[in-house]
Number of protein chains: 2
Amino acid sequence: MQLRMTNQREIILRVLRSNKQHLTADELYDVVKKLMPRISLATVYRNLEILSDAGMIGKLEISGRQKRFDYDPSDHHHIYCAVCHRVDNLPDNCQGVKQKDLGRVRGYSVTGYRLEIVGICPDCQALEEKEKKGDE
Amino acid sequence: MQLRMTNQREIILRVLRSNKQHLTADELYDVVKKLMPRISLATVYRNLEILSDAGMIGKLEISGRQKRFDYDPSDHHHIYCAVCHRVDNLPDNCQGVKQKDLGRVRGYSVTGYRLEIVGICPDCQALEEKEKKGDE
DNA sequence: ATTACTGCAAACGCTTTGCAAATAT
DNA sequence: ATATTTGCAAAGCGTTTGCAGTAAT
């Protein structure tokens, strides 16, 4: 089964890449719909799955919530905001994360690991500041 | 709002603790239903949420799949099997994981982190060995 | 010409919710 | 007595799928 570069697929890829965020399927759908009003949400889902299987984009399955898709398919870590759920890429040289050599833990053969750091992003910190002031 | 120790809640807690696995809501429901046939799945969901909010059990939200609940609410990491999705607790002294002092990465205020190690559990390794032999 | 892909609508799996009745405090 | 909790059924959400038609190779 060879991939065909349909208009839909091309636009989905272009939007994801130019947007440079970690969008969910429906966020992406909202943007794409403006460029191609008749596209269906199912097409977006299907293409995101196909593109990530093909290694052209990354798929983020973070902790029980909606999947997000990453314009950057290379191996890297993420940081996400506990408040607004936005996700950012983490710099490669993030130390203390290189223990793939955890080796065999509890008899498991370790094939990979995922480090998720939870925090509050600058924007939400600012918002919280504002709210605090509003409450006074 | 103070917690009431209903029969339902007590049984849910007891099953989770005695089972000592990381069960999903419906796995737990299946077990509990044998002891209390008229209990509803919604009650199980509600109680698991309440109990984890109260810090009496832990909630595991792993990568886009079903939530699992942990009899042990203390802070620790998990290892899960990429094949059968079973989850085990990780020993505390797992080194290289103590970098809560990643500090302020990208302007985020870091409130926590989650390390998910992906591997294949002993049982599944054994099964794969068997299958390999079967294929020959 | 062939076969991957599309849009639509309907179904899916897991989880949450509104309600009136039941029960723990 | 009074609030929390229950069971039920229905709705919710994100996602997937069957289908007949459309379009890329």
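These figures come from a predicted structure and were not determined experimentally. In the text below, chain A, chain B and the rest are named by the order of the sequence lines, each starting its count at 1. The basis for the numbers below is simple: all heavy atoms, side chains too, and nothing from hydrogens, waters or symmetry mates.
The separation between Lys33(B) atom NZ and dT6(D) atom P is 17 Å, rounded to whole Å. One can place CG of Asp30(A) at 14 Å from C1' of dG14(D), the figure rounded to the nearest angstrom. The nearest whole Å value for the distance from the CG atom in Asp53(A) to the P atom in dT16(D) is 11 Å. Rounded to whole angstrom, the span from the CD atom of Gln8(B) across to the C1' atom of dA21(C) amounts to 13 Å. Rounding to whole angstrom units, CD of residue Glu10(A) and P of dA23(D) are separated by 16 Å. Regarding Leu23(A), its CG atom lies at a distance of 16 Å from the C1' atom of dG14(D), rounded to whole Å. Note: NZ (Lys59(A)) to P (dT15(D)) measures 10 Å, nearest angstrom. Atom CD of Glu27(A) is separated from atom C1' of dC13(D) by 15 Å (rounded to the nearest Å).
Summary of helix geometry: the two end axes of the helix from dA1(C)-dT25(D) to dT25(C)-dA1(D), each defined by five base pairs via their C1' atoms, are inclined to each other by 40° (rounded to 10°).
Sorted by first then second residue, the ring-ring contact (aromatic ring centres under 6.0 Å, His included) pairs that include residues 10-39 of chain B, not counting sequence neighbours, are His22(B)-Tyr71(B), His22(B)-His78(B). For residues 31-48 of chain A, the set of pairs meeting the side-chain hydrogen bond (donor to acceptor under 3.5 Å, both in side chains) definition, not counting sequence neighbours, comprises Arg9(A)-Asn47(A).
Comparing Ser40(A) and Ala25(B) along DNA chain C, the residue whose closest nucleotide (by nearest heavy atom) sits nearer the 5' end is Ser40(A).
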Protein and nucleotides 11-14 of chain C: nitrogen or oxygen contacts under 3.5 angstrom:
{"residue": "dC14(C)", "atom": "OP1", "partner": "Gln66(B)", "partner atom": "OE1", "Å": "3.3"}

Distances under 3.5 Å only, N/O to N/O: pair up the protein atoms with those of nucleotides 23-25 of chain C.
{"residue": "dA24(C)", "atom": "N3", "partner": "Arg4(B)", "partner atom": "NH1", "Å": "3.0"}
{"residue": "dT25(C)", "atom": "OP1", "partner": "Met5(B)", "partner atom": "N", "Å": "3.3"}

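Residues satisfying the side-chain contact (heavy atoms from CB on, under 4.5 Å) test with Ser52(B), not counting sequence neighbours, are Glu49(B), Ile57(B), Lys59(B). Here Arg14(A) pairs with Glu10(A) under the salt bridge (Lys or Arg N to Asp or Glu O under 4.0 Å) rule; sequence neighbours left out. Taking Asp26(B) as the reference, Thr24(B), Gln66(B) meet the side chain to side chain donor-acceptor pair (under 3.5 Å) condition, with sequence neighbours excluded. Under the side-chain contact (heavy atoms from CB on, under 4.5 Å) criterion, Ser18(A) pairs with no residue, sequence neighbours left out. Residues that satisfy the side chain to side chain donor-acceptor pair (under 3.5 Å) test with Asp30(A), not counting sequence neighbours, are absent from this structure.
Atom CE in Met56(A) sits 11.0 Å away from atom CD1 in Ile50(A) (nearest 0.5 Å).
With contacts defined as side-chain heavy-atom distances shorter than 4.5 Å, the pair Ile39(B)/Ile12(B) qualifies. Residues Phe69(A) and Leu48(A) form a side-chain contact, since some pair of their non-hydrogen atoms from C-beta on lies under 4.5 Å apart. Between Glu27(B) and Val31(B), every side-chain heavy-atom pair lies at or beyond the 4.5 Å cut-off. With contacts defined as side-chain heavy-atom distances shorter than 4.5 Å, the pair Lys67(A)/Leu60(A) does not qualify.
Remark: Thr43(B) is in phosphate contact with dG7(D), judged by side-chain N or O atoms under 4.0 Å from OP1 or OP2. At the phosphate of dC8(C), OP1 or OP2 sits under 4.0 Å from a side-chain N or O atom of Arg38(A).
Candidate nucleotides dG7(C), dT5(D), dT16(D) were compared by shortest atom distance to the side chain of Glu49(A), and dT16(D) ranks first.
Between the side chain of Arg46(B) and the base of dG18(C), a donor-acceptor pair under 3.5 Å is found.
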